[in-house]
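Worth knowing before you read on, the calculation uses all heavy atoms, side chains too, and leaves out hydrogens, waters and symmetry mates. Proteins get letters first, then strands, A, B, ... in listed order; numbering begins at 1 in each.
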Number of protein chains: 2
Amino acid sequence: MNSPNKRKPATELVSELTTNRLSVYLRCLTQLESAGVETISSQALAEQFHLNAAQIRKDLAYFGEFGVRGVGYYVKDLKRNLRQILGLDRKLRVAVMGAGNLGLALADYPGFKREGFEIVSMFDVADAKIGDESRSGVPICDLRELKKVVRKERIDIAVIAVPAESAQHVLEQVVAAGIKAILNFSPGALDVPPGVKVKNVDLTVSLESLSFYLAQGIDDGH
Amino acid sequence: MNSPNKRKPATELVSELTTNRLSVYLRCLTQLESAGVETISSQALAEQFHLNAAQIRKDLAYFGEFGVRGVGYYVKDLKRNLRQILGLDRKLRVAVMGAGNLGLALADYPGFKREGFEIVSMFDVADAKIGDESRSGVPICDLRELKKVVRKERIDIAVIAVPAESAQHVLEQVVAAGIKAILNFSPGALDVPPGVKVKNVDLTVSLESLSFYLAQGIDDGH
DNA sequence: TTTTGTGAACTAGTTCACAGCT
DNA sequence: AGCTGTGAACTAGTTCACAAAA
């Protein structure tokens, strides 16, 4: 009915929870593949990785019919399809904004390279840092060169790792340079223009939410 | 009916989305306070920070009646109440597991200290690192000393920043040492024993989800 | 058989709208 | 008057359960 090659329009009718799970499924399949597994049912996948079988099927069904009834999914095929759906069938080029502790750590984070992301350059405003490079050799460029470098290096994604007070300004620069996808580590909500996707990783919120759990969850009476 | 001092049982009947938002509200109030604002209505708070007024009221109403009808909320009071609800009325002590790039960056992350968290120590297995310290002076301890240090330093929260392949093992050590709240940066789902709260920050999933947006979402028409 | 793909049922989360308090 | 706190209505997300396919 809906072959793997004719996809749905999918202009934001698929939720972020679903796209996050697609990435999880891809990781599971990679593990299965290197374990030599050739086919897997949604049931088995769910049991092995603590997921829900119906949800796996529903998530996948958004994008086509990838399974074979009575058999399950061919691991290699599904993996290839997921990589295509997620846009990972080409190398994505990433810039890190801010060459502080966190920015440098993210630029050298091995998980990104492993998944096929290419950290192309970092940007900072401090003259002392510009021209230098990270341990693994990612060059630190002048923020004022952003537009030029983005065009020349064909950068797809920006990671914002600058202090809170300059985050909004940096976001605007990044957007002006034509970048449409941003991973933001600075705390607080940024004002995001339409057509641009921002994912926030808010470390303070995460820790404070854990603190809540400790404060409330442990004992009501100790 | 439900005064600020008699709280609901709240043993996991309040969702994580709510607790995350409480942390956001606290940050907003801190900003308002330093801007000299004394009272604020849910309406004004919502407009200023792009939130929903009814949701703010509902979230707060879980924990008591903090507002004054016809007036709104007293910024200072509500801030104090939120800090208490979130368990931030004492300094929380944090250990970072793994003294790699990311671990070192997190140990020195200024946002944690600013919000009242105390990064007490790091743990690693590499002899070359043990005994050393981060730039800001957080000591790197031997993982084998974990239990002892956790007890002595009264550590509340662990941040896991070790390679994926040792994450499960480190989690088990951390739990065995009595820690009940964990912020995990390693990719993939960990097997978590009951009574322990883990928050995952999965950088690969975040980037791949952005990639999906680029692959599917780009053209709005133009 | 087995297992998918999917409507229907259910559960969780959000927003509305207003009674009631100040 | 203004604004909270909250049931009711709505929307989003998950899980069930089964007809149809291999």
For this session: Tell me what A/S42 touches on the nucleic acid: a base, only sugar-phosphate, or nothing, going by heavy atoms under 4.0 Å.
Result: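 The residue A/S42 makes sugar-phosphate contact but no base contact.
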Problem set entry | Test: B/K113 and B/E118 ion pair at under 4.0 Å |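 Not counted as a salt bridge, because no side-chain N and carboxylate O are separated by less than 4.0 Å.
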Exercise. Is the closest basic N to carboxylate O distance between A/E16 and A/K199 below 4.0 Å?
Worked result: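 Yes, charged N to carboxylate O under 4.0 Å.
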Will you find, in the side chains of [X] and [Y], an N or O donor that is under 3.5 Å from an N or O acceptor?
{"X": "A/K76", "Y": "A/N81", "value": "no"}
{"X": "B/N52", "Y": "B/K58", "value": "no"}
{"X": "B/D59", "Y": "B/Y25", "value": "yes"}

So which protein nitrogen or oxygen atoms get under 3.5 Å of nucleotides 8-10 of chain D's nitrogens or oxygens?
{"from": "D/dA8", "atom 1": "N6", "to": "B/K58", "atom 2": "NZ", "distance (Å)": "3.1"}

Closest to the [X] side chain, choosing from [options]:
{"X": "B/S15", "options": "C/dG13, D/dT6, D/dG13", "result": "C/dG13"}
{"X": "B/Q55", "options": "C/dT15, D/dG13, C/dC21", "result": "C/dT15"}
{"X": "B/A54", "options": "D/dA17, C/dA17, D/dG5", "result": "C/dA17"}
{"X": "A/V68", "options": "D/dT14, C/dT22, D/dA22", "result": "D/dA22"}
{"X": "A/S41", "options": "D/dT15, C/dT6, C/dT3", "result": "C/dT3"}

For this session: Could you say whether A/L17 or B/R69 is positioned toward the 5' end of DNA chain D, judged by the nucleotide with the nearest heavy atom to each?
Result: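 Closer to the 5' end of DNA chain D: B/R69.
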Problem set entry | Sidechain-backbone polar pair: B/R83 side chain, B/L88 backbone, donor-acceptor under 3.5 Å |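 Yes, because the side chain of B/R83 sits within donor-acceptor range (under 3.5 Å) of the backbone of B/L88.
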Within the pair [X] and [N], is there a side-chain N or O less than 4.0 Å away from OP1 or OP2?
{"X": "B/N52", "N": "C/dT15", "answer": "yes"}
{"X": "A/Y74", "N": "C/dT3", "answer": "no"}
{"X": "A/R21", "N": "D/dT14", "answer": "yes"}

